[in-house]
Asker: 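For reference, the structure I am asking about is given below.
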Amino acid sequence: MAQASPQNPVPALRLPSGEKVPILGQGTWYMGEGHRPRKEEVAALQLGIDLGMTLIDTAEMYGSGAAEEVVGEAIAGQREKVFLVDKVLPSHASRRGTIQACERSLKRLRTDRIDLYLLHWEGPYPLEDTIEAFEELVRSGKIRYWGVSNFDTADMEELVSVKGGSKVTTNQVLYNLTRRGIEWDLLPWHRKRSIPIMAYSPIEQGRMLRNPTLQRIAALHGVTPAQVALNWLLRQGDIMVIPKASRAEHVRDNRAAVDVQLTAEDLAQLDQAFPAPTRKRPLEVL
Ligand code: NAP
């Protein structure tokens with residue numbers, strides 16, 4: 001298996017600001033909720049950081065703050081190595097509520113700044129208000145950039161038409177081999193504007209791993225199905241990919257996905273097993 005020691009560094013992409021971030025990071029949904037020992041979750045995130053997966057995604061929603069606390073423990077003493085992504089709940093995303101939610105998250109994360117703060121999905125408050133709050137957080141140094149999550153193409157159009165909306169740094173959406181709908185219009189929309197997508201649930205929370213095509217290609221290369229699925233995203237080069245792993249073997253497996261070399265034949269077989277969209281589909285969410 002392509003696991004032991006990674007051959008290639010984790011590639012980076014440039015945010016609209018010009019800053020570089022790794023395209024392979026780590027998710028944290030369901031951490032801090034007792035599914036695995038907390039120590040193991042902290043150690044998994046720390047191993048990922050050591051291996052160069054220094055972009056960490058979390059949210060105030062995950063375990064009602066428990067995942068942020070796990071992240072806080074994992075990054076203690078090494079904050080400067082990490083690019084921290086966090087999300088505000090739509091129900092908190094008013095002008096004042098966003099700032100208060102951010103301050104609570106900073107306490108749980110035990111840090112003074114979030115690198116990229118996202119609106120988790122569009123909610124009851126006008127986007128203008130959330131953007132104003134984000135901009136105030138930028139001015140006070142509590143966040144460095146802001147973005148959105150689960151925004152479809154029409155939502156992005158609306159966002160960039162709002163005052164300040166063009167400062168959006170990313171849109172975090174469901175994207176993996178089994179969920180290719182965004183290739184129809186949302187991904188091209190982002191590419192045209194050089195606003196990178198962040199792909200969540202990149203291995204469909206494990207559900208895709210028994211797919212026979214994925215298994216056959218993985219066996220051909222002596223790698224795992226998860227590595228094939230991740231490499232299919234990573235090879236695009238302009239998408240941030242955030243698999244969640246609380247087990248060390250999964251972290252190593254995911255890191256080594258960078259080294260997989262898919263052939264044109266593999267890609268054609270993947271296209272056949274997981275067809276690209278042929279019409280607009282509403283953005284799927286988990
Ligand atoms: P995922 O990353 O596709 O899958 C995670 C699951 O796969 C876990 O059960 C994990 O097990 C397992 N796994 C990880 N690496 C593996 C490997 N190499 N081989 C076999 N199994 C492996 O799903 P996700 O957690 O939903 O998505 C990733 C992150 O995206 C989340 O954690 C979260 O940060 C973010 N997200 C955001 C949204 C949003 O609305 N913005 C929605 C969903 C997710 P172990 O944990 O046991 O290692």
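As the structure lists them, so they are numbered: ligands from 1, and atoms in each ligand from 1. Not measured: the values here are computed from a predicted model.
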Asker: Can you pull out the closest protein heavy atom to atom 11 (O) of ligand 1? Residue, atom name and distance to 0.1 Å, please.
Answerer: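 Minimum-distance protein heavy atom for atom 11 (O) of ligand 1 reads His250 ND1, 3.4 Å.
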
Asker: Could you check atom 34 (O) of ligand 1 against the protein and tell me its nearest heavy-atom contact, residue, atom and distance included?
Answerer: Asp57 OD2, 2.6 Å

Asker: Taking the non-hydrogen atoms of Trp121, is any one of them nearer than 4.0 angstrom to ligand 1?
Answerer: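 Trp121 does not count as a contact of ligand 1 under the 4.0 Å cut-off.
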
Asker: What part of Asp253, side chain from CB on, backbone N/CA/C/O, both or neither, has a heavy atom under 4.0 Å from ligand 1?
Answerer: side chain

Asker: How about CZ on Arg36, more than 12 heavy atoms from neighbouring residues, nucleotides or ligands closer than 6.0 Å, or not?
Answerer: yes

Asker: Answer with side chain, backbone, both or neither: which part of Ala44 has a heavy atom less than 4.0 angstrom from an atom of ligand 1?
Answerer: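 The answer is neither; Ala44 stays 4.0 Å or more away.
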
Asker: Of all the non-hydrogen atoms in the protein, which one sits nearest to atom 7 (O) of ligand 1, and at what distance?
Answerer: Ile203 CD1, 3.4 Å

Asker: State whether the number of non-hydrogen atoms from other residues, nucleotides or ligands found under 6.0 Å of Gln272 atom CD is greater than 12.
Answerer: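 Atom CD in Gln272 is not packed in, count stays at 12 or less.
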
Asker: Can you name the closest pair of heavy atoms from Leu15 and Pro196 and give their distance?
Answerer: CD2-CG, 4.2 Å

Asker: Which pair of non-hydrogen atoms, one from Pro202 and one from Ala199, has the smallest distance, and what is that distance?
Answerer: CD-O, 4.1 Å

Asker: Is the contact between Ser201 and ligand 1 made by the side chain, the backbone, both, or neither, using heavy atoms and a 4.0 Å cut-off?
Answerer: both

Asker: Less than 3.5 Å apart, any donor N or O on the side chain of Thr153 or Asp185 sitting next to an acceptor on the other?
Answerer: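 Their side chains do contain a donor-acceptor pair, which is all the 3.5 Å distance test asks for.
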
Asker: For ligand 1, which part of Asn150 has a heavy atom less than 4.0 Å away: the side chain, the backbone, both, or neither?
Answerer: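 Answer for Asn150: side chain.
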
Asker: As an exercise, identify every atom of ligand 1 less than 4.0 angstrom from a heavy atom of Ala226.
Answerer: 17 (C), 18 (N), 19 (N)

Asker: Can you tell which part of Tyr30 has a heavy atom less than 4.0 Å from ligand 1: side chain, backbone, both or neither?
Answerer: neither

Asker: By number and element, which atoms of ligand 1 are closer than 4.0 Å to a non-hydrogen atom of Tyr62?
Answerer: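 Close to Tyr62: 33 (C), 34 (O), 35 (C), 36 (N), 37 (C), 38 (C).
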
Asker: Using side chain to side chain donor-acceptor pair (under 3.5 Å) as the criterion, list what pairs up with Glu19, not counting sequence neighbours.
Answerer: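 With sequence neighbours excluded, Glu19 shows a side chain to side chain donor-acceptor pair (under 3.5 Å) to Arg144, Tyr145, given in chain and number order.
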
Asker: Under a 4.0 angstrom heavy-atom cut-off, which atoms of ligand 1 come close to Ile242?
Answerer: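 Close to Ile242: 28 (C), 29 (C), 30 (O), 35 (C).
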
Asker: Could you check Ile195 against Thr169 for side-chain contact (heavy atoms from CB on, under 4.5 Å), going step by step and ending with a plain yes or no?
Answerer: CA-CA 6 Å; Ile195 302 168; Thr169 281; over 6 Å; no

Asker: Among all protein heavy atoms, pick the one closest to atom 47 (O) of ligand 1 and tell me residue, atom and distance.
Answerer: Arg247 NE, 2.7 Å

Asker: Restricting to non-hydrogen atoms, name the atom on Asn150 and the atom on Val173 that form the minimum distance, rounded to 0.1 Å.
Answerer: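 In terms of heavy atoms, the two residues are closest at N-CG1, 4.0 Å.
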
Asker: Is there a donor in the side chain of Tyr175 and an acceptor in the side chain of Gln236, or the other way round, less than 3.5 Å apart?
Answerer: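 Gln236 and Tyr175 do have a side-chain donor-acceptor pair below 3.5 Å.
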
Asker: Given Glu60, which of Lys87, His92, His120 fulfils the side-chain hydrogen bond (donor to acceptor under 3.5 Å, both in side chains) condition?
Answerer: His92

Asker: Taking only heavy atoms of His120, which atoms of ligand 1 are found under 4.0 Å from at least one of them?
Answerer: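 In order of numbering, the contacting atoms are 39 (C), 40 (O), 41 (N).
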
Asker: What is the nearest protein non-hydrogen atom to atom 15 (N) of ligand 1, stated with its residue, atom name and distance?
Answerer: Asn254 ND2, 3.2 Å

Asker: Any luck finding a side-chain donor-acceptor pair between Glu68 and Ser105 under 3.5 Å?
Answerer: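 Yes, a side-chain donor-acceptor pair sits under 3.5 Å.
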
Asker: Which atom pair, heavy atoms only, marks the closest approach of Pro225 to Ala218?
Answerer: N-CB, 3.5 Å

Asker: Which label fits Phe134 and Trp146: parallel for a plane angle under 30°, tilted from 30 to 60°, or perpendicular past 60°?
Answerer: parallel

Asker: Between Tyr200 and Lys244, do the side chains contain an N or O donor and an N or O acceptor separated by less than 3.5 Å?
Answerer: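 Tyr200 vs Lys244: no donor-acceptor pair found between side chains.
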
Asker: Evaluating non-hydrogen atoms only, which member of Gly25, Pro243, Ser246, Ala229 is closest to atom 45 (P) of ligand 1?
Answerer: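 Looking at heavy atoms only, the winner is Ser246.
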
Asker: Looking at ligand 1, does Lys87 have a heavy atom less than 4.0 Å from it?
Answerer: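 Checking ligand 1 against Lys87, which is what was asked, there is a heavy-atom contact under 4.0 Å.
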
Asker: Less than 4.0 Å is my threshold; does some heavy atom of Leu209 fall inside it relative to ligand 1?
Answerer: yes

Asker: Are any of the N or O atoms of Ser149 closer than 3.5 Å to those of ligand 1?
Answerer: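 There is such a contact, yes.
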
Asker: What protein heavy atom lies closest to atom 43 (C) of ligand 1? Include the residue and the distance to one decimal.
Answerer: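 Looking at atom 43 (C) of ligand 1, the protein heavy atom closest to it is Tyr200 CD1, 3.2 Å.
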
Asker: Hey, is Arg36 touching ligand 1 through its side chain, its backbone, both or neither, going by heavy atoms under 4.0 Å?
Answerer: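 Neither; nothing of Arg36 gets under 4.0 Å from ligand 1.
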
Asker: Can you pull out the closest protein heavy atom to atom 31 (C) of ligand 1? Residue, atom name and distance to 0.1 Å, please.
Answerer: Trp29 CB, 3.6 Å

Asker: Tell me: protein heavy atom nearest atom 8 (C) of ligand 1, and distance?
Answerer: Lys244 O, 3.8 Å

